[in-house]
Amino acid sequence: MQASISDNQLTLFSRKRENSGARSWRRSITVAAVARTAECVRTKAGSYELRLVANRLVCLWSLQSVEERAIPRILNNEVVLLVALSVAAFGVFGFTRTMAARQQRMEARIAAIWYEQGEQFIAGGQVEKAIQAFRKATANAADDQQYALALANALAAGNHDSEAEQLLLQLRESDPEDAQINISLARLAAKRGDADRAVHYYQNALYGRWTGDQAQEQQVQLRNELIRLLLQRRQFNLASSELLILEARIPNTAPAHVEVAKMFLEAGDLQHALNNYSEAVQLDSHNVEALTGAGETSFRLGNYPKAVQYLNAAQELAPESQKTSQLLPLAEAVLAEDPLAPHLTAEERRSRLLADFQRSSQRLESCLAQTTDIQAGTELQSLKTEVQAMQPKLTGKQLLDFDTARSAVVLILRIQKAASAHCGQPPVEDQALLLIGHEHNGAQP
Amino acid sequence: MSTADLPVLQKLHLRENHIFFALTILIGVLAGLAAVLFTLAIKGTTHFLFGISPSYLRYILVPTLMSLVTGFLLVKFFPDVRGSGVPQTEAAYHLNGGNIPGRVAVGKFLTGALCIGSGHSMGREGPSVQIGASIASSIGKWFHLSPARAQSLIPVASAAALSAAFNTPVAAVIFALEEIIGDMNAALIGSTVVASVASVIVERSILGNSPVFQVPQYHLVDPAELIAYVVLGIVGGVVSLAFSKGLLWLRGRFLALPKRTRIFQPAMGGLAIGVILIFFPQVMGVGYEYVGQALNGSLLLKTLLLLCVAKLVATIISYSSGNAGGIFAPSLYLGAMAGGAIGTLMHRFAPFPTGDPGAYALVGMGTLFAGIIRAPMTSVFMIFELTQDYQVFVPLMIANMISFAISKQYQPTSLYHALLQQDNVHLPQPGTGIVAKSWLALDVMARDFTLLPPDATVETALKTFADTGLQAMLVGNDGTYSGLVTRTQIEQAMSSGTANAPLTVLMTTDFAHVHPDHRLELVLERLSKNPGLLPVVSRNEVHQVLGIVTPQTIMHFLQQCWDDPGANAPGQREASPTSST
């Protein structure tokens with residue numbers, strides 16, 4: 001479709017213009033303009049083509065040449081439209097953002113409602129319903145870490161461990177230092193028996209980022225959990241390290257010190273255990289557990305006077321305590337029978353030694369008569385020979401030197417050990433002799 | 001004021017390709033915004049209609065009543081917006097020059113939001129594509145673009161809309177090329193990429209960077225696991241087939257009902273959906289929340305199987321009854337459930353180590369997408385964009401290929417095209433880059449030809465023209481040409497008394513040529529521009545003539561085809577006529 005006037009037509013018009021008067025010329029132009037415009041409308045010519053036609057007709061009307069009159073292309077329709085659309089796009093963008101923000105607020109409210117429901121279900125023990133509620137919460141607020149963590153914990157509680165772990169790992173990817181996420185991962189790993197990962201996550205949690213008022217208490221509790229896990233795995237050295245840190249952070253109360261002392265005891269660190277028990281006793285002198293623990297620890301450390309002191313106090317408060325009933329007589333027997341105890345006169349020392357030796361000899365005789373094992377019998381017989389050799393040294397009138405006394409104590413120890421090995425658990429007095437023997441085995445004056 | 005005095009203003013005169021580029025970006029932004037608004041509208045409608053914990057009565061009433069409204073709108077005001085939107089967009093692109101009325105965007109937005117928001121089991125991606133394409137078509141009209149350019153805006157807008165709707169810009173581009181245009185070699189790759197990127201930037205700036213699904217890390221546990229993915233491909237093909245056949249069958253039944261029932265058909269579907277929602281509320285709407293659960297292995301085998309069946313039935317009912325919504329999202333949902341079920345079964349019974357069921361759900365999504373939508377490349381790229389993991393490629397391609405093959409074997413026409421055929425619209429079959437066999441220049445050229453020596457005279461040439469009967473001849477020697485002369489030129493030279501002039505004076509060097517592997521369409525196009533002769537030249541030496549094509553050689557070739565149809569396979573013809581026949 002040619003909407004514009006061709007050059008040939010322009011030439012023709014120019015000749016006509018030359019030949020006719022201006023008035024008839026303009027009449028012709030008007031007719032041509034109307035006809036041309038109608039054609040353009042009919043053929044749906046673009047605006048540019050219409051302007052071109054108009055321009056040429058105006059030129060002819062005003063008897064100007066096309067070159068003398070140019071279309072002032074101040075405004076280009078395409079540019080105007082582009083600018084208008086761009087402005088519209090900005091407007092729509094703003095509107096969409098507003099709508100999106102409103103939608104997000106609504107979803108956040110819905111998510112909060114589901115989260116509350118989930119918490120209620122968890123409190124009521126309905127784990128599966130809680131999971132569904134938390135899923136709804138996370139579906140409405142995908143970026144909310146609290147909801148996702150609640151879902152993960154609910155999944156773990158509902159034994160959906162695999163999914164819980166995946167979710168927690170995804171959360172940890174975006175925030176690896178969050179303590180709560182690491183705690184959840186640690187507990188999940190511990191539950192699945194992966195102790196190495198559990199320890200790793202516990203430590204990450206302990207040194208991670210904590211929020212909230214109760215952060216310190218939670219950290220203490222968490223370290224407690226870690227230590228229990230380490231003790232369970234018999235990683236005593238690591239447990240002891242953690243216990244030392246825990247010891248410095250626990251509240252200064254008797255029950256807290258008792259808990260720590262127990263764990264020290266389990267880790268095999270008797271001294272620290274005793275320290276904590278003693279601390280607990282100082283804080284609460286009526287704490288039976290602390291007194292019993294202190295007594296037992298002192299007993300195991302060989303500090304029998306202290307042991308008797310603590311155990312006596314414990315027994316006064318809790319006479320029915322079985323542990324106290326077992327340990328106290330033994331401790332007292334040790335104190336009463338130890339021939340090498342300090343501050344004894346020579347007579348007292350000799351008297352105790354003789355009594356111990358006598359008892360041990362009787363135990364030996366009894367065991368020798370009892371046993372049928374040849375090897376045991378040989379050993380016991382050998383000991384009996386030694387007893388017979390030692391006897392004159394003890395019963396003689398000469399002064400009892402330390403070496404002889406010590407040798408006698410060692411012999412007593414050997415007798416008691418052999419008798420325990422071949423003839424069963426000895427009575428309390430003989431147990432005391434065992435303990436005395438262990439204590440002084442290798443001791444210096 | 002003359003134009004010469006307006007250099008700055010002259011710069012404002014935009015050529016069409018510049019306008020097109022600017023529009024590409026603008027349409028990308030607008031289509032992206034439209035897709036985001038559509039998503040928000042669906043969510044808002046769902047929350048408004050169903051609340052937080054809907055009762056059974058609400059499940060029944062909402063889809064039914066809203067479908068009555070949408071049925072009225074679809075019949076009275078917006079008859080073009082039923083269904084997905086992708087088939088209609090394809091039809092507009094291929095058959096209507098890309099012309100989509102502007103009211104389609106409004107109608108699709110409104111009815112789509114109401115249908116999907118009221119619980120129908122349909123997707124939002126297809127409607128987003130149609131909305132975006134309609135906006136683009138309207139803008140193209142406002143700018144009075146040429147028909148070719150206006151048509152090109154359709155796939156550009158489609159890619160942009162899908163990119164925003166699903167947050168996968170690369171897969172969106174591939175989808176536009178593979179499905180809308182049907183040609184992976186389309187020249188619009190650049191434009192679709194630009195629009196897709198613009199759209200996804202807009203979408204992420206509004207909705208954030210969170211992915212549609214939280215996808216677990218994928219890994220292939222054991223090479224033997226590929227056997228499991230073969231099984232998944234087979235199952236995926238069967239489910240795809242069941243879905244496609246079921247949808248077409250039920251839609252056919254609905255279409256066969258009297259036309260006066262069209263206004264109520266969506267409500268019939270709505271009522272059925274309401275009943276299904278009472279038992280399976282998980283199949284409501286798009287359902288991506290449950291796809292996410294399947295991907296994370298949260299669903300039991302029984303749940304996976306039941307949801308797969310329920311979603312299949314619900315989507316078939318929703319779509320067939322004439323509601324406005326897509327099948328893109330339901331395909332992914334079905335794939336996730338079917339894949340998850342296969343994964344669970346494999347995990348329990350396979351004699352080799354297998355991965356988590358979630359990995360199978362992930363591959364299942366792509367598998368069902370390839371089987372139902374028949375866009376395998378889109379499927380691969382989509383899953384890759386979701387996982388950002390190359391390891392998923394191999395099992396995905398295996399399962400896709402099998403599902404695609406099964407689906408194509410028993411349902412040769414793709415679902416989108418079949419839906420159009422039900423509406424008496426027949427689209428050209430899409431190519432996927434594999435060029436069908438075509439006649440080449442090699443087949444129609446004459447290898448026996450005469451070259452006029454450059455030093456030959458006009459008189460000599462005239463005699464040769466008389467002997468050969470050709471209208472034009474090449475000038476050259478030893479199989480190499482240097483120019484072309486026409487019979488008219490020779491006759492004019494003779495009549496003007498220059499019979500002894502050498503041909504080098506008369507010959508022209510400005511003419512087209514082809515190579516032996518050029519398709520017949522190109523040969524005909526270039527022959528029409530040359531004066532009666534088209535040289536076929538070697539690619540290694542462009543002046544070396546291998547043959548000539550003239551109208552006579554083409555007629556001779558056609559005659560041979562008629563005489564012996566089996567003897568002339570494309571590209572293989574050995575015998576050739578002489579140039580003089």
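Note on naming: letters A, B, ... go to the chains in the order of the sequence lines (proteins, then strands), and numbering restarts at 1 for each one.
The part of B/Leu30 that comes within reach of chain A is its side chain, from C-beta onward, which places non-hydrogen atoms under 4.5 angstrom from that chain. Using a 4.5 Å cut-off between heavy atoms, A/Leu167 makes no contact with chain B at all. With a 4.5 Å cut-off on non-hydrogen atoms, B/Leu26 touches chain A through its side chain but not through its backbone. Using a 4.5 Å cut-off between heavy atoms, A/Ala100 contacts chain B through both its backbone and its side chain. With a threshold of 4.5 angstrom between heavy atoms, B/Ile25 does not approach chain A through any atom at all. Interface remark: B/Tyr290 contributes side-chain atoms only to the contact with chain A (heavy atom separation under 4.5 Å). Interface remark: B/Ser205 contributes backbone and side-chain atoms alike to the contact with chain A (heavy atom separation under 4.5 Å).
Nearest heavy-atom pair across B/Ser163 and B/Ser199 is CB-OG, 4.3 Å. In terms of heavy-atom proximity, B/Leu277 sits nearest to B/Gly119 at CD1-O, 4.1 Å.
At a cut-off of 3.5 Å, with distance as the only test, a side-chain donor of A/His200 or A/Asn204 sits close to an acceptor on the other residue.
Ranking A/Ile131, A/Asn140, A/Val92 against chain B, the residue ahead of the rest is A/Val92, based on heavy-atom pairs under 4.5 Å. Comparing B/Asp356, B/Thr39, B/Leu40 by how many heavy-atom pairs each has under 4.5 Å with chain A, the most go to B/Leu40. For chain B, the option among A/Ala142, A/Ala101, A/Ser86, A/Ser162 with the highest count of heavy-atom pairs below 4.5 Å is A/Ser86. Ranked by heavy-atom pairs under 4.5 Å with chain A, the first of B/Val36, B/Ile52, B/Ile139 is B/Ile52.
With hydrogens and angles disregarded, no donor-acceptor distance shorter than 3.5 Å links the side chain of B/Ser128 to the backbone of B/Ala161.
Among the candidates A/Arg197, A/Lys191, A/Arg192, the single residue satisfying the salt bridge (Lys or Arg N to Asp or Glu O under 4.0 Å) test with A/Asp194 is A/Arg197.
For residues 30-39 of chain B, there are no salt bridge (Lys or Arg N to Asp or Glu O under 4.0 Å) pairs, not counting sequence neighbours.
Heavy atoms of other residues, nucleotides or ligands lying less than 6.0 angstrom from CD of A/Glu177 number 12 at most.
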Practice prompt. For side-chain hydrogen bond (donor to acceptor under 3.5 Å, both in side chains), just list the numbers for A/Gln166 and A/His160, CA-CA rounded to whole Å, side-chain angles, deciding distance to a tenth of an Å, and then say yes or no.
Written response: CA-CA 10 Å; A/Gln166 268 176 17; A/His160 302 285; over 6 Å; no
